[in-house]
Amino acid sequence: MPELPEVEIAARNLRRWAAGRRIERVETDPRARRIFRPATPAALSRALTGARVEEIGRAGKNLLLRLDRGGTPLGLHSHLGMTGKWIRREAGAAPPSHSRVRLALDDGAVLHYRDPRLFGRLRLVPGARFDAVPEVAALGPDPLAGPLDVGRLADALARSRLPVKVRIMDQRVLAGVGNIYASEACFRARIDPRRKARSLERAEVRRLARAVVAAMQEGIERQEGPEIAYVEEGGENPFLVYAREGERCPRGDGGRIRRLVQAQRSTYFCARCQR
DNA sequence: ACCCGTGTTCGCTG
DNA sequence: TCAGCGAACACGGG
């Protein structure tokens, strides 16, 4: 389930599970070649076996693992795509379905990278120089890495004729915003997602920036909190408007949530309160 | 069977 | 040259 909040939870999990641990064994699913960069399972296995996990960082939707191979730094860049997830299992436990990579750690646990659709990516980064990875270098500001620069966001919006909801999903504009949180942020900011990005006034840009941060923070708290058990799959839809077509607007203004398609993705909004 | 999907990249077009 | 568009990737679930 990866947008910024889910990737942040994955980073926190990996810190608890793997920081300071040594990777003793690596297994890969041969069908999963396409997620590897470079694309050979053998190269991935050779590089990671024996390495120690030092730090786990996050930039937008990207997980950045800093490893140590006998004094030489090595980076592992993990992008979860649509369906990627890191899962911990005790030694000998049955693997989850679609486990594509298994990292056996020195405490006996096994980290599984599960990814049914294979849209994720795992990339070795020599010297842990993540700024040399083009997709990472091109990222815009991360909404949780310090206060967002409203002027910079306004500039990025002013240069586009795209609908604002589509524009804020561009990772060069805001790192970590995906399809769900783009709808949620527009709703919180009371901005119509169909508006051209360049049409927003400065005050609206400020509202949008705050709305993005608030939506992300709530998403993280929801998944990190003690109620994890029933937020897991099968629970209620935790979002304000996403996937709520036809329901009443949560602001109680009498509007109904509408669905439309923008840039081949579903958008949800209330045309009554979002202008 | 058919449609939909929390993401990104690539090739084409104007 | 570049912003924008639509297809493609691959598979499960409703």
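Each chain gets a letter, A, B and so on, in the order its sequence line appears, and its residues count up from 1.
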Mind checking the P distance from dG6(C) to dC4(B)? Whole angstroms is fine.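 Taking atom P in both dG6(C) and dC4(B), they lie 16 Å apart.
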Taking only the P atom of each, what is the distance from dG11(B) to dA10(C) in whole angstrom?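 My reading of the P atoms in dG11(B) and dA10(C) gives 16 Å.
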Closest to the Arg161(A) side chain: dG4(C), dT8(B), dG7(B)?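 Of the options given, the side chain of Arg161(A) lies nearest dG4(C).
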Kindly give the cluster partners of Leu260(A), where membership spreads through any ILVMFWY side chain lying under 4.5 Å from a current member.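 Taking Ile, Leu, Val, Met, Phe, Trp and Tyr as members, Leu260(A) shares its hydrophobic cluster with Phe269(A).
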Separation of [N] [atom2] from [X] [atom1] (nearest whole Å):
X	N	atom1	atom2	value
Leu63(A)	dT8(B)	CG	P	12 Å
Met169(A)	dG5(B)	CE	C1'	12 Å
Ile220(A)	dT6(B)	CD1	C1'	15 Å
Glu3(A)	dG7(B)	CD	C1'	9 Å
Met82(A)	dT8(B)	CE	P	10 Å
Asp170(A)	dG7(B)	CG	P	13 Å
Arg265(A)	dC5(C)	CZ	P	15 Å
Tyr268(A)	dC4(B)	OH	C1'	9 Å

Does [X] place a side-chain N or O at less than 4.0 Å from the phosphate oxygens OP1/OP2 of [N]?
X	N	value
His79(A)	dG7(B)	no
Lys85(A)	dT6(B)	no
Ser160(A)	dG4(C)	yes
Lys61(A)	dT6(B)	no
Tyr181(A)	dT6(B)	no
Arg159(A)	dC2(C)	no

Just wondering, do [Y] and [X] contact through their side chains at under 4.5 Å, heavy atoms?
X	Y	answer
Glu8(A)	Met216(A)	no
Val26(A)	Pro41(A)	no
His112(A)	Arg88(A)	no

Which of parallel (below 30°), tilted (30 to 60°) and perpendicular (above 60°) describes Tyr242(A) and Tyr268(A)?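 Answer is perpendicular, since the angle exceeds 60°.
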In the 5'-to-3' direction, what one-character label does each nucleotide of nucleotides 9-14 of chain B receive under the scheme B = base within less than 4.0 Å of a protein heavy atom, S = sugar-phosphate only, - = no such atom? S-----
For nucleotides 8-14 of chain C, 5' to 3', base contacts (B), sugar-phosphate-only contacts (S) and non-contacts (-) with protein non-hydrogen atoms under 4.0 Å give -BBBS--
Would the number of heavy atoms belonging to other residues, nucleotides or ligands and lying under 6.0 Å from CZ of Arg256(A) be above 12?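 Buried by this count: over 12 neighbours within 6.0 Å.
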Is it true that, when you exclude Arg198(A) itself, more than 12 heavy atoms of the residues, nucleotides or ligands shown sit nearer than 6.0 Å to its CZ?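 Enclosed: over 12 neighbouring heavy atoms sit under 6.0 Å from CZ of Arg198(A).
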Any Lys/Arg nitrogen of Arg121(A) or Glu135(A) sitting under 4.0 Å from an Asp/Glu carboxylate oxygen of the other?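 A salt bridge is absent here (no side-chain N lies under 4.0 Å from a carboxylate O).
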Presence of salt bridge, Asp29(A) and Arg31(A), under 4.0 angstrom: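 Asp29(A) and Arg31(A): not salt-bridged.
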Categorize Arg259(A) for me: base, sugar-phosphate, or nothing, with a 4.0 angstrom heavy-atom threshold over every strand shown.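 The answer is sugar-phosphate, as Arg259(A) gets under 4.0 Å only of primed atoms, P, OP1 or OP2.
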Regarding Leu80(A), tell me which of base, sugar-phosphate or nothing describes its non-hydrogen contacts under 4.0 Å with the strands shown.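 No contact at all - Leu80(A) keeps every heavy atom at 4.0 Å or more from the nucleic acid.
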Identify all side-chain donor-acceptor contacts of residues 45-55 of chain A below 3.5 Å with residues at least two apart in sequence or on another chain.
unit_1: Thr49(A); atom_1: OG1; unit_2: Ser45(A); atom_2: O; d: 2.7
unit_1: Arg52(A); atom_1: NH1; unit_2: Gly20(A); atom_2: O; d: 2.9

Taking Watson-Crick and G-U wobble pairs with both distances under 3.5 Å, convert DNA chain C into its dot-bracket string, 5' to 3', dots for unpaired and | for cross-strand pairs. .||||||||.||||
Is Val213(A) linked to Ile220(A) within one hydrophobic cluster, defined over Ile, Leu, Val, Met, Phe, Trp and Tyr using a side-chain heavy-atom separation of less than 4.5 Å?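 Linked, Val213(A) and Ile220(A) end up in one cluster.
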Under 3.5 Å, which donor-acceptor pairs do the side chains of residues 155-165 of chain A form with other protein atoms, sequence neighbours left out?
unit_1: Ser160(A); atom_1: OG; unit_2: Leu162(A); atom_2: N; d: 2.9
unit_1: Lys165(A); atom_1: NZ; unit_2: Asn179(A); atom_2: OD1; d: 2.5
unit_1: Lys165(A); atom_1: NZ; unit_2: Ser266(A); atom_2: O; d: 3.3
unit_1: Lys165(A); atom_1: NZ; unit_2: Thr267(A); atom_2: OG1; d: 3.0

Glu184(A) side-chain N/O to Leu240(A) backbone N/O, donor-acceptor pair under 3.5 Å: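 Looks like yes, one N/O pair under 3.5 Å.
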